[in-house]
Amino acid sequence: MKSGLFGIEHSNRSGNDHWGKNCFNSSFPTAMASFMLANSIPAIYIHLDQINGKLNVVADEIPIQNVFNSGSLKPQDLYFSFESVYEPYQKYSFDSIDGIDLVVKGPKGEYLSPLEVKLTVLPTDSTSQKPEEDWGCELVIRSATTSYCALGMFDTINAEARHIRELFEDACASIQMWDNDFEMTHKMPQICGSIDSFQREYFRYQKPLLMQTIWKTQGKSPLLADQAFDIVIWSDYAFSRLFIDGSDTPSNTMKRPMRATARLARCLWELSKSGKIRMVDIYRQMAFGNQTDKEFAIGGSKWRQFVRSNRIVRPILPSSVVNEIIEPGNIERLSPERRFDQTLYFTVRGR
């Protein structure tokens, strides 16, 4: 059975799977990205830059073929493997690494790109009370995303292992217990400083990590805005600033962003020493009393501070694009009890 979604012709999901709970949230964004690829529509690109010697998160645009790392291939040439392991990174871990939301492969099964996928509404409940230009989205991040962030950073520049080790040595070599609140909270300024030094040297090697599809409604109503859809791509370096920035603020306990920052530093440092780590052990050991599957969350106002693009006020795709992304005759496969499905269902049926 066909997927019923634009561009998804080859996938590890069956036709009906794409429409199921927790699957449509990654299948629909993939179809939208495929539509943008086929029509040469770039995504918003949130990436790290160095301006006047300081690291800054900036907004730009990026072609979808650069996100998928797909060159001249068309969507129908690609294989979309959902909730799968990006095997090229497995060589860096003794334990089995987690899967990521989307692994893009070429027609011969070659691995092209690992992407975490988010589908988020604009605005959030809290930002809907603000002027429209201040509306934002919420992001809830899994630990798998931050582990892929670390693996991807190292993979791109693994030939620089000796220098990477030098950058992290002062901050990391003296740490006795990576799971000790007192020791780690006092080490955070040094850890953040070492990551800053690392990123100043290597930010030109950043690459896409997180594909966030936004759907904009008319305030808090379930109705889609006239210009309703867009895709925000976060580079691995820009994504990491969501948890690094502010982690050096004095604290008596390890907060979630601080934990993510410490894990990133430890992964990069240990990879630079031996080229292979026990990823599962690092994440399990460094829990600091918090659940290990959820890494951290970002509210709408903070999100908007990072995503400074005019396309958030006026997303690039109109609400009518739903009729091209969801192929004719497939709208009935949605589940109107889910908020996003309900909005799509009544948007299409109401026309």
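Residue indices begin at 1 and follow the sequence shown. Since this is a predicted model, take the numbers as computed values, not measurements.
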Is there any salt bridge (charged side-chain N to carboxylate O under 4.0 Å, His left out) pair reaching into residues 178-201, and which pairs are they, with sequence neighbours excluded?
-> Asp196-Arg241
For the residue pair Thr127 and Trp135, what are the closest heavy atoms and their distance?
-> O-CD1, 3.0 Å
For the residue pair Cys137 and Ile214, what are the closest heavy atoms and their distance?
-> SG-CG2, 3.6 Å
Could you tell me how the ring of [X] sits relative to the ring of [Y]: parallel (under 30°), tilted (30 to 60°) or perpendicular (over 60°)?
X: Phe198; Y: Phe168; result: tilted
X: Tyr89; Y: Tyr148; result: tilted
X: Phe6; Y: Phe35; result: perpendicular

Do [Y] and [X] have ring centroids that are under 6.0 Å from one another?
X: Tyr202; Y: Tyr237; value: no
X: Phe80; Y: Phe68; value: yes
X: Trp215; Y: Phe229; value: no

SB check Arg304 Asp134 (cutoff 4.0 Å) = no
For the pair Glu166 and Arg162, find out whether any cationic side-chain nitrogen is under 4.0 Å from an anionic carboxylate oxygen.
-> no
Phe94 six-ring face occupied by Lys276 cation (under 6.0 Å, within 45°) = yes
Honestly, is Arg13 close enough over Phe82, meaning NZ or CZ under 6.0 Å from the six-membered ring centre and within 45° of the axis?
-> yes
Do the non-hydrogen side-chain atoms of Ile175 and Ile191 ever get within less than 4.5 Å of each other?
-> yes
Hey, does the side chain of Ser34 reach the backbone of Thr30 with a donor-acceptor pair shorter than 3.5 angstrom?
-> yes
Looking just at side-chain N and O atoms, do [X] and [Y] make a donor-acceptor pair shorter than 3.5 Å?
X: Thr146; Y: Glu295; result: yes
X: Lys207; Y: Ser235; result: no
X: Arg266; Y: Gln285; result: yes

